Amino acid sequence: MFLSVFDMFKVGIGPSSSHTMGPMVAAARFLETLRSSPFTAHGLRASLHGSLAFTGIGHATDRAVILGLAGFLPDTYDADAAEEALEQIRETGEVRPEGLGTLAFEPREDLSFDYGPPLPGHANGMILMATDAQGDVILQETYYSVGGGFVMTEAELSAGKNTDEGAPVPYPFHSAAEMLEMCTTTGKSVAELKRANELSRRTPGELDQGMDRLWDVMNACIERGLSGHGILPGGLNVKRRAGAIYAALQAERGMNLNAPHTINDWISTYAMAVNEENAAGGQVVTAPTNGAAGVVPATIRYYLDHVPGASRKRVGEFLLTAAAIAGLVKHNASISGAECGCQAEVGSASAMAAAGLCAVLDGTPEQVENAAEIALEHHLGMTCDPAKGLVQVPCIERNGLGAIKAISAASLSLRGDGTHLVPLDACIETMRQTGEDMSNKYKETSLGGLAVNIPNC
């Protein structure tokens, strides 16, 4: 199995990696298939199923599909160009993707939401179609957005194709136990194993520059969130709070007003800044998803700004360690809220952040694994029940608490020698089983939990 650090951390747009980024990527893939097909298309259609239908409006899935069919991609997304394209598409009922000419696509007629049973492969399913001049379907493909911006066709999902199929990596590990055994036999850290695997795919310069960009985008997202004000879109009238809290914390510095626990407010504010930006449709980095995008950046920012002796040079080590843990979770369970609830999103993010922080605080591989396990264990059973289908309540605050748990988990692990009762592998498997048993009401459908118990939602 090989999942790159750039698979687990992707630059994209809010509010959701599975409901916004994934559908946009699926649409782009369909256009590529159409370009290489022998058919001449005159129009396009799309249908959304399962969780993509139930919470698609709140997650801007419809918007993502429209823009994806017009040729937009998350990594190179231009907000101003997107607004112009959407206005033109609504006026003309046409899209003009590169290399395919003008294709009929009237969103009100050609994009449908199917609220029946989900497609068999995954809770996040969509069908894309190309039609001829008579409106008959000439090409059709089913896609599944399986979390974190990952997209698979029906055939790929059936074949189990969800990992890099390139040359073997020097340190392939499928479990935390295998990872720790490799650390013991080689004397390498988790980050060093991961770095060696990455270098089988790219040069050291490409790896380091890529990780630098990831942190730059994460940190820029924090900064935008800390300066943002107003009401978030979507109808819940949720007020941005990160900026005001940050300003108050800065004003209180040096005034001897702060109790020790005020550090939690700094941590939460960094995470909330990211997730308020995500809720507003801004640029974020999946970590491992958009809904959980604030946990890792907040923990890194805590490390850099509040830990004596912290070094910017070690952020890559943090990201590599976190990506190793994320790969284990994705390979052996899920990072998708629609599959396993929020334990798979914020829970996974907290485990990643705990492991990364432990690593840059000079924890041993055993302590790193312990940190990840503590963080994930104490998110087990967490549901995904977004009010009104928006990535706002409870998601924004939940990222703050996920970061706080990550830091506590890393600290606890560093107080021990790495030995502990529950292995990370057992915790990941428990998360998978819990997700399987969880009612669909609590898996990103907004049919249960907070989503139905908040007045006027």
Side-chain angles (χ1 to χ4, degrees), residues 10-30 46-69 72-75 77 82 107 111-115 118-119 121-128 142-152 232-236 275 277-294 334-342 344-346 348-349 383-396 398-399 440 442-447 451:
K10 301 186 188 76
V11 176
I13 57 166
S16 172
S17 49
S18 60
H19 285 57
T20 316
M21 288 175 59
M24 188 179 288
V25 170
R29 288 190 62 183
F30 185 70
S47 61
L48 305 175
H49 301 259
S51 180
L52 292 185
F54 283 110
T55 60
I57 297 294
H59 287 77
T61 307
D62 50 344
R63 175 189 174 96
V65 173
I66 296 166
L67 290 171
L69 292 175
F72 284 79
L73 283 168
D75 188 51
Y77 182 78
L111 176 59
S112 63
F113 292 76
D114 188 322
Y115 298 105
L119 298 176
H122 190 276
N124 293 332
M126 58 189 294
I127 300 173
L128 298 177
T142 298
Y143 294 93
Y144 293 104
S145 180
V146 296
F150 289 89
V151 171
M152 302 173 74
L232 293 171
L236 281 180
N275 286 85
E277 277 296 292
N278 180 62
Q283 187 181 59
V284 299
V285 175
T286 63
T289 65
N290 282 29
S334 176
I335 58 170
S336 168
E339 272 191 312
C340 287
C342 198
E345 295 204 32
V346 170
S348 298
T383 59
C384 182
D385 50 354
K388 209 172 181 180
L390 301 169
V391 193
Q392 298 180 18
V393 177
C395 321
I396 294 171
R398 188 168 284 177
N399 274 257
N440 284 335
Y442 304 114
K443 293 195 280 190
E444 210 168 357
T445 59
S446 292
L447 297 175

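For the numbers below, each heavy atom of this structure counts, side chains included, while hydrogens, waters and symmetry mates do not. These numbers were taken from a predicted model, which means no experiment stands behind them.
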Worksheet entry | side chain to side chain contact (heavy atoms under 4.5 Å, CB included) between Ser51 and Glu444, worked out | CA-CA 6 Å; Ser51 180; Glu444 210 168 357; 3.7 Å; yes

Discussion item. So, taking the atom named CE in Met24 and the one named NE2 in His19, what distance separates them when rounded to the nearest 0.5 Å?
Written reply: 14.5 Å

Worksheet item: For the residue pair Ala279 and Pro233, what are the closest heavy atoms and their distance?
Response: O-CG, 3.9 Å

Discussion item. I want to check something: taking the side chain as every heavy atom from C-beta on, are Val146 and Asn124 in contact at a cut-off of under 4.5 Å?
Written reply: no

Discussion item. A side-chain contact here means heavy atoms from C-beta on lying under 4.5 Å apart; do Tyr143 and Val25 qualify?
Written reply: no

Item to complete: For side chain to side chain contact (heavy atoms under 4.5 Å, CB included), just list the numbers for Phe113 and Asp62, CA-CA rounded to whole Å, side-chain angles, deciding distance to a tenth of an Å, and then say yes or no.
Response: CA-CA 9 Å; Phe113 292 76; Asp62 50 344; 3.8 Å; yes

Discussion item. Between Pro15 and Gln392, is there a side-chain heavy-atom distance shorter than 4.5 Å?
Written reply: no

Discussion item. For a quick test of reading the model, state the closest non-hydrogen atom pair linking Gly22 to Val151 and the distance between them.
Written reply: O-CG2, 3.2 Å

Practice prompt. Please round to the nearest 0.5 Å and tell me the distance separating atom OH of Tyr115 and atom OG1 of Thr445.
Written response: 12.5 Å

Practice prompt. Apply side chain to side chain contact (heavy atoms under 4.5 Å, CB included) to Phe150 and Lys10, showing your working.
Written response: CA-CA 10 Å; Phe150 289 89; Lys10 301 186 188 76; 3.3 Å; yes

Worksheet item: Side chains of Ile66 and Pro107: does their closest heavy-atom pair fall under 4.5 Å?
Response: yes

Fill in: From Met21 atom CE to Asp75 atom CG, the distance as rounded to the nearest 0.5 Å
8.0 Å

Practice prompt. Report the distance from atom CZ of Phe54 to atom CG of Leu48, rounding to the nearest 0.5 Å.
Written response: 12.0 Å

Practice prompt. Show the numbers, then the answer: is there a side chain to side chain donor-acceptor pair (under 3.5 Å) between Glu345 and Thr289?
Written response: CA-CA 6 Å; Glu345 295 204 32; Thr289 65; 2.7 Å; yes

Practice prompt. Give a yes or no answer on whether the side chain of Ser446 reaches the backbone of Gly389 with a donor-acceptor pair at less than 3.5 Å.
Written response: yes

Worksheet entry | Minimal non-hydrogen separation, Ser334 against Cys340, with atom names | CB-SG, 3.8 Å

Worksheet item: Which atom pair, heavy atoms only, marks the closest approach of Pro23 to Leu52?
Response: CG-CD2, 4.3 Å

Fill in: Heavy-atom side-chain proximity of Thr286 to Ile335 below 4.5 angstrom
no

Worksheet item: Would a 4.5 Å heavy-atom cut-off, applied to side chains only, mark Thr20 and Ile13 as touching?
Response: yes

Worksheet item: Are any non-hydrogen side-chain atoms of Val391 and Asn278 less than 4.5 angstrom apart?
Response: yes

Item to complete: Please report the shortest heavy-atom distance between Pro386 and Ala451, naming the atom on each side.
Response: O-CB, 3.4 Å

Practice prompt. Answer yes or no: is there a side-chain heavy-atom contact under 4.5 Å between Ser145 and Met126?
Written response: no

Practice prompt. Evaluate side chain to side chain contact (heavy atoms under 4.5 Å, CB included) for Asn399 paired with Val346, printing each intermediate quantity in order.
Written response: CA-CA 7 Å; Asn399 274 257; Val346 170; 4.1 Å; yes

Discussion item. Measuring from atom CG of Asn290 to atom NE2 of His59, what distance do you get when rounded to the nearest 0.5 angstrom?
Written reply: 9.5 Å

Fill in: Spacing of Leu111 atom CG and Thr61 atom OG1 [to the nearest 0.5 Å]
9.5 Å

Worksheet, complete the sentence: In short, Cys384 meets Gly337 closest at the heavy-atom pair CB-O, 4.1 Å

